[in-house]
Structures are given as structure tokens and as C-alpha cells.
Amino acid sequence: MTLGPAFFDRPAPEVAPELIGATLLVNGVGGVLVEVEAYDQADPASHSFRGPTPRNAAMFGPPGHAYVYKIYGMHWCLNFVCQPGSAVLIRALEPQHGLDLMHQRRGVVAERQLCSGPGKLCQALGISIAQNGLPLDASPFSLSAADTRPDIAAGPRIGITKGVDTPWRFVVAGSLFLSKPLR
DNA sequence: AGCTTGATTGCCT
DNA sequence: GGCAATCAAGCTA
């Protein structure tokens, strides 16, 4: 079943764990989501904390669309917009479709390193600012709900300096495709 | 107009 | 484990 606007029109911390196990494809390339993080407007770690800006405009747009931004001057990060000002960062997935293309784009041989981090995932799937604001239930995206819900674990988010104790990182317990093991 | 810093990655020791 | 790469958004003035 395709995940559309109704699924995303809820608080990000509620949506995030339900995305674990879903299948994300971009132009047919992708796999099963194994690691995500939630951000909302009351959260000092969120781009939306200080209100709308040109960069984060998509976070205040319709739910179920993509929010893509560049970090550290070189990497792209993909988010799914939930209720206004909140979104879910897609951090890692288990590669299942389009492995050849992913290897080509990433230049690595180890399958576990293809999409084990937000920047890596965007490189492997060909995500850039060109996809910012696009709906997730239409081409080039394809997002389908999990058939069976995997065991989910939660912990603190990665790489932030504010809101460090908020346990809004959700992962497939014991997955070998995470950016880092859960603490 | 100038300064700081980041929801990261990969290479070096 | 430490740190350079690389640059624009966002903040201070």
C-alpha cells in the first residue's frame, strides 16, 4: 500500500517509527528503511525551530512531500514532511533494488555501506535539490508500507548539538545496514 | 558585509 | 579516535 498525505499528516515522532520497514524507491532504486529520525518545530535541533525560511520552506508545505537540503557544503539529506514544521530524516536503508546503479554512484563494493547514512543514501539513490518539495506518492518516488513490522528500537539522534537526549532515532533492531549501532 | 556552523563522510594516525 | 573537505543558510551588525 502506498503511503500518502493522510499517513504523513501527523506529528513526526508518531510517523517515524511506522516508516521503519517501508520500501522506498527513487526511479526504481532503493530498499527497506531501517533508520529514521524525527524532528518537529518545538525541537531546537530542527531546521524548523526558528520558523519558515527559504531553505526549510518544504517543511511547512503539504505533508507527504520531500524536504531535501545540503549539509556541510557537500552532502544531501532527504526528509519526509509530516505536519507543518515537522519531518522525518531518512538515514539508512537496506538496499534491495538497483544495486548496480547504487554501486556505480557510490563507488564502494560493500553492500552495507551503500546507504548507511543520510548523505550516502542520497548519493546512492540519486537524490539532490531537484527532488525538494516533490510528492512522495508519485514518480520518481515510490513508497510502500511494510508487509510485516520489524522489531523497532529507539535512541538519541546522531550528529546534533541541541536536543541530544530526545530519543527520536528509530531503527530496525540489530540491522546490519545502520549508520551506527544504536546506543 | 562578514562570521559561524552544520540532521556528514572518508581518510589519516 | 581525530580532523579536513567545502559552502551557503542564517545570524550579527
Side-chain angles (χ1 to χ4, degrees), chain A residues 8 11-20 22 24 26 33-61 63-95 102-134 136 152-172 175-183:
Chain A
F8 286 101
E14 181 181 320
V15 171
E18 297 184 27
L19 280 170
I20 296 295
L24 169 69
V26 180
L33 302 185
V34 297
E35 176 178 353
V36 301
E37 288 178 356
Y39 291 86
D40 78 11
Q41 198 171 0
D43 168 14
S46 174
H47 289 174
S48 60
F49 184 59
R50 288 159 205 270
T53 69
R55 174 173 72 158
N56 67 21
M59 277 187 88
F60 293 89
H65 287 231
Y67 166 45
V68 182
Y69 67 91
K70 196 182 234 183
I71 188 65
Y72 295 107
M74 54 186 101
H75 303 294
W76 299 106
C77 290
L78 170 67
N79 297 253
F80 295 166
V81 177
C82 300
Q83 281 180 341
S86 77
V88 177
L89 171 68
I90 308 305
R91 290 192 55 91
L93 62 76
E94 177 174 338
M102 288 198 229
H103 280 290
Q104 247 178 306
R105 289 165 169 164
R106 291 275 300 123
V108 299
V109 284
E111 200 169 310
R112 342 164 31 141
Q113 301 180 82
L114 286 176
C115 300
S116 57
K120 300 175 187 178
L121 185 150
C122 283
Q123 190 183 13
L125 271 56
I127 302 279
S128 75
I129 194 67
Q131 283 75 40
N132 189 38
L134 296 184
L136 298 168
I152 296 171
R157 294 169 295 180
I158 304 290
I160 53 174
T161 58
K162 300 162 197 162
V164 293
D165 293 326
T166 307
W168 283 354
R169 177 184 182 222
F170 303 93
V171 305
V172 173
S175 169
L176 300 174
F177 297 89
L178 305 181
S179 62
K180 292 180 177 179
L182 192 70
R183 230 172 356 99

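Chain naming here is simple, since letters A, B, ... match the order of the sequence lines and numbering starts at 1 in each.
A cation-pi contact, defined as under 6.0 Å to the ring centre and within 45° of the axis, is absent between A:R91 and A:F170. Cation-pi geometry between A:R55 and A:Y69 is satisfied (NZ or CZ under 6.0 Å from the ring centre, within 45° of the ring normal).
No side-chain donor from either of A:R105 and A:Q123 sits under 3.5 Å from a side-chain acceptor of the other.
No donor-acceptor pair closer than 3.5 Å links the side chain of A:S86 to the backbone N or O of A:D40. Judged by distance alone, with hydrogens and angles left aside, the side-chain atoms of A:H65 form no donor-acceptor pair with the main-chain N or O of A:V81 at under 3.5 Å.
A:L89 comes within 4.0 angstrom of a base, heavy atoms only. Within 4.0 Å (heavy atoms only), A:K120 reaches sugar-phosphate atoms of the nucleic acid but no base atom.
Taking atom NZ of residue A:K70 and atom P of nucleotide C:dA5, one finds them 17 Å apart after rounding to whole Å. Spacing between atom CE of A:M74 and atom C1' of C:dT6 amounts to 4 Å, rounded to whole angstrom units. A:I71 has its CD1 atom 10 Å from the C1' atom of C:dA9, to the nearest Å. Separating the OH atom of A:Y67 from the P atom of B:dA7 is a distance of 9 Å, rounded to the nearest angstrom. Per the geometry, OH belonging to A:Y72 stands 18 Å off P belonging to B:dC11, to the nearest Å.
Side-chain N/O atoms of A:H47 include one lying less than 4.0 angstrom from OP1 or OP2 on B:dA7. In this model, the phosphate group of C:dA9 is not approached by any side-chain N or O of A:T53 to a distance below 4.0 Å at OP1 or OP2. For A:R55 and C:dG10, the shortest distance from a side-chain N or O to OP1 or OP2 is below 4.0 Å.
Of the residues near DNA chain B, A:R106 and A:T161, the one whose nearest nucleotide (by heavy atom distance) lies more toward the 5' end is A:T161.
In this structure, the aromatic ring of A:Y39 is positioned over the six-membered ring of the base of B:dA7, centres within 5.5 Å and planes within 30°.
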Decide yes or no on ring pair (Phe, Tyr, Trp, His ring centres under 6.0 Å) for A:H47 and A:Y39, but give the supporting numbers first. CA-CA 8 Å; A:H47 289 174; A:Y39 291 86; 7.6 Å; no

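Secondary-structure stems of DNA chain B, taken as three or more successive Watson-Crick or G-U wobble pairs (i with j, i+1 with j-1) under a 3.5 Å distance threshold, comprise B:1-6 with C:7-12, B:8-12 with C:1-5.
A salt bridge between A:D165 and A:R157 is absent, with no side-chain N of the basic residue lying under 4.0 Å from a carboxylate O of the acidic one.
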